[in-house]
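Just so we're on the same page: letters track the sequence lines, and every chain starts at 1. What you see below is based on every heavy atom in this structure, not just the backbone, and it leaves out hydrogens, waters and symmetry mates. Being a predicted model, the structure only gives us computed values, none of them experimental.
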Amino acid sequence: MMIPFGHALAFAAVLFVLGLTCVLLRRQILMILIGVEIMLNAASLVFVAASAYWQQVDGQIFSIMLMAITAAEVAVALAMVVYLWRRKRTLIADDFNGMRG
Amino acid sequence: MNESLLFLIPLMPLFCAVINMLFGMRLPRLFAEVMAVIGVASAFVLTVLFWGYAEGEGTRAVLFTWLNSGTVDVSFALNFDRLAAPMTLMVTGVATLIHLYAVGYMHKEDDYARFFSLLNLFVFAMLAIVLADNMLVLFLGWEGVGLCSYGLIGFWYRKLENAKAGTKAFLVTRVGDVFLGIALLWLFAVTGTLSISEINAQATSISSGVVLAVSLLLLLGACGKSAQLPLMTWLADAMAGPTPVSALIHAATMVTAGVYLLCRLFPLVSLSPVAMMAITAIGALTAIYAATCAMAQREIKRVLAYSTMSQVGYMFMAVGAGTVAGAMFHLLTHAFFKALLFMTAGCIIHLAGDENDIFKMGGLRRRGPVELFWIFLAGAVCLAGLPLTGGFFSKDGILLALFTHPDPTYKIFWLIGVVTALLTAFYTFRLVYLVFAGEYRGTGHPHSLPLLMRWPLWPLALLGLLGGLFNLPAFVGGGETLHHWYDDLAGRAVTASHEVEWMLVGLAVAIAALGWFAAHRRYRIYQAPTENAVTRFLLNGWYADALVDRLFVRPFTAMARFCSSGCDRSLFDGTLSILAKMASGWGSLLTQMTTGRLTTYLSTFAWGFLILLGWFLLKLVDGGGH
């Protein structure tokens with residue numbers, strides 16, 4: 001049975017909003033990164049659903065590329081998190097305000 | 001000899017001034033002093049050698065073309081004629097003696113190169129005035145003497161009041177210079193030339209109104225340099241300079257530049273009776289003003305400064321009465337005896353231990369070299385106009401010219417002249433008695449007098465006493481040499497019956513004797529100076545300085561303050577600083593948005609995204625409606 005396209009979009013939207021809420025409300029850098037991942041997954045889901053709906057393979061290709069990029073991004077981001085921890089022994093985002101005007 | 005060699009007369013002092021200016025401090029002191037004296041002495045010798053060139057129509061020498069543009073053709077030219085030659089001789093001669101004196105006077109001064117180069121430069125500028133063939137060269141010299149006078153009055157500039165006196169002299173004479181500059185340009189506009197001889201030749205064709213206006217402008221210019229009535233306040237303060245400077249610049253030469261200017265342009269000035277009357281009136285008023293001031297002064301050099309002002313007033317009266325020969329005669333004798341008086345005053349101040357106040361002197365006749373008293377007395381009797389001295393004949397000539405003037409108004413000026421003569425005799429002998437008579441009242445220790453300060457006095461004393469021989473009037477058997485030398489330049493021939501002349505001579509003798517007698521009674525035995533409103537009024541020069549201060553200086557400073565704090569600082573700076581504050585306020589407002597906090601950025605980002613999304617949705621709804 002086919003999941004209706006509207007359901008998939010609604011689910012993706014909920015997932016995106018959940019991720020955004022996580023990014024906006026949490027102060028922990030790790031949690032913000034997790035929120036970003038959730039938002040990316042929502043986007044990826046929309047690509048897959050669209051690909052299935054229009055019977056076009058482009059969306060799936062894009063989704064796989066997104067996974068690769070996300071993996072790279074997480075690798076870099078986590079490395080930076082380690083560096084930030086070493087600098088200040090904290091991972092609260094607001095404590096890193098060295099760019100304040 | 002080539003007539004271009006005439007240029008050596010002014011250029012020798014200039015050359016020595018430049019050498020001293022550039023290398024003076026590196027040269028041995030003796031060399032700098034010798035250079036300074038040689039500069040003026042050679043000019044004197046050259047003037048004597050070239051004397052023949054002055055006869056007849058004089059000699060014009062062109063060095064180079066200065067300005068040449070369209071109709072303007074001004075060359076750097078000298079005119080050595082009958083009017084210039086005696087003046088040149090006097091300037092270089094007196095300057096040579098004063099330079100010698102200055103070598104003695106300044107023998108302890110460290111800054112000798114600056115002094116001697118300025119002194120030489122002054123002589124150059126003065127000779128440029130005297131010898132100028134056109135108004136522009138004259139103006140060059142005119143400004144030059146002002147500049148050197150400024151530098152020399154404020155020579156000891158580390159004392160603020162000296163520097164202020166220099167600035168004051170420069171600014172006040174500059175007021176006159178502006179009028180001279182206007183007159184110069186006006187004359188050029190009317191006649192199309194700046195040559196003095198051509199202006200004089202064309203004078204009759206200029207309309208009488210212009211002649212009057214230009215003459216009055218020239219008079220104001222002359223007033224500035226010659227310290228005459230509206231512009232006289234600087235001269236008494238100019239005594240802050242070293243004594244040789246007072247003798248050379250503020251007694252013998254520069255202050256007579258105004259008289260010389262009026263004599264130079266006499267053919268023009270004499271065409272306007274009103275201008276002539278104004279010249280006489282200014283001369284008369286200055287003469288009596290300065291004489292009254294001199295009666296109450298306490299400093300020896302200030303007495304002499306006021307007497308200079310007064311005597312230059314006589315010269316103005318002579319020009320106004322139409323006798324150039326009389327004015328120049330008094331100018332020459334005055335230069336001799338006033339330079340003498342100043343130089344002797346320098347010696348006296350040395351003897352009194354740098355004390356200027358005549359009430360703290362006294363008894364100096366026995367304190368110093370014995371000849372000093374007699375030399376000072378020689379100058380004093382010339383100034384007081386005692387019979388048979390040079391000052392007597394020259395002053396008498398002026399009074400005669402005033403008395404015999406066809407216009408009866410001049411009788412008033414004559415009367416002022418006579419009263420001034422009485423006051424002159426009085427204050428001169430007051431000075432002599434206070435300085436030389438009685439016991440020494442001061443506390444200073446006398447400095448030694450170098451020989452160089454003593455022997456230049458002798459020739460001047462002789463010239464002052466025998467100065468009458470230059471222009472001995474006919475009624476005592478003289479040849480009126482100076483009058484005949486000037487010939488057609490001499491102005492009105494003063495003729496009077498022998499009875500009138502003898503009567504005036506008798507009156508002059510009586511006046512001088514009366515002045516001496518009054519001073520003798522009052523000051524023979526020392527009395528402490530009386531202090532009341534009148535003496536204070538006279539001591540402060542009729543409060544002329546306060547008047548100028550109220551009328552010009554204070555409104556000017558008020559205006560300047562308004563412009564500086566009212567306009568510049570409040571309005572312009574205020575507007576600019578408000579603009580600057582606004583910009584920096586906006587800046588600091590905007591910096592607050594840069595919190596550096598990641599969460600703020602993220603939420604701003606989200607809000608922006610939301611707004612964009614909403615906008616696109618609206619567009620979509622809007623587009624769907626159609």
Side-chain angles (χ1 to χ4, degrees), chain A residues 5-6 9-46 50 70 73-74 76-101, chain B residues 557-626:
Chain A
F5 186 50
L9 279 185
F11 178 66
V14 168
L15 207 58
F16 186 85
V17 170
L18 280 174
L20 186 64
T21 318
C22 177
V23 164
L24 291 182
L25 295 186
R26 301 307 291 254
R27 292 284 179 268
Q28 267 275 358
I29 293 174
L30 273 175
M31 297 313 285
I32 292 172
L33 283 175
I34 288 169
V36 171
E37 292 307 313
I38 293 170
M39 283 158 75
L40 279 171
N41 283 342
S44 184
L45 192 67
V46 173
T70 309
E73 180 246 308
V74 166
V76 173
L78 286 178
M80 282 175 72
V81 165
V82 172
Y83 274 115
L84 289 174
W85 172 256
R86 281 193 188 159
R87 275 175 78 107
K88 286 205 169 177
R89 296 278 146 192
T90 174
L91 283 179
I92 305 297
D94 287 351
D95 289 347
F96 297 93
N97 59 355
M99 294 284 279
R100 192 164 56 120
Chain B
T557 43
M559 202 174 77
R561 201 176 302 124
F562 172 74
C563 286
S564 121
S565 61
C567 283
D568 194 47
R569 235 172 284 161
S570 303
L571 191 66
F572 300 126
D573 289 5
T575 314
L576 288 178
S577 73
I578 285 173
L579 284 177
K581 277 206 187 101
M582 272 166 68
S584 82
W586 276 110
S588 58
L589 211 67
L590 288 174
T591 47
Q592 283 177 9
M593 291 170 67
T594 318
T595 56
R597 289 165 62 170
L598 187 62
T599 46
T600 327
Y601 297 154
L602 284 175
S603 61
T604 318
F605 187 68
W607 278 112
F609 174 69
L610 209 67
I611 289 166
L612 271 179
L613 203 67
W615 190 67
F616 277 120
L617 272 174
L618 275 178
K619 289 282 275 188
L620 202 66
V621 170
D622 216 24
H626 286 291

Taking everything shown except Phe5(A) itself, do over 12 heavy atoms lie less than 6.0 Å from its CZ? yes
Heavy-atom contact with chain B under 4.5 Å, split by part of Ile32(A): side chain
Would you indicate whether Phe96(A), at its atom CZ, is surrounded by more than 12 heavy atoms from other residues, nucleotides or ligands within a distance under 6.0 Å? yes
With rounding to the nearest 0.5 angstrom, report the CG to OG1 distance, Leu24(A) to Thr599(B). 9.5 Å
Can you tell me if Arg87(A) has over 12 outside heavy atoms packed within less than 6.0 Å of its CZ? no
Distance check, rounded to the nearest 0.5 Å: Asp94(A) atom CG versus Arg597(B) atom CZ? 4.0 Å
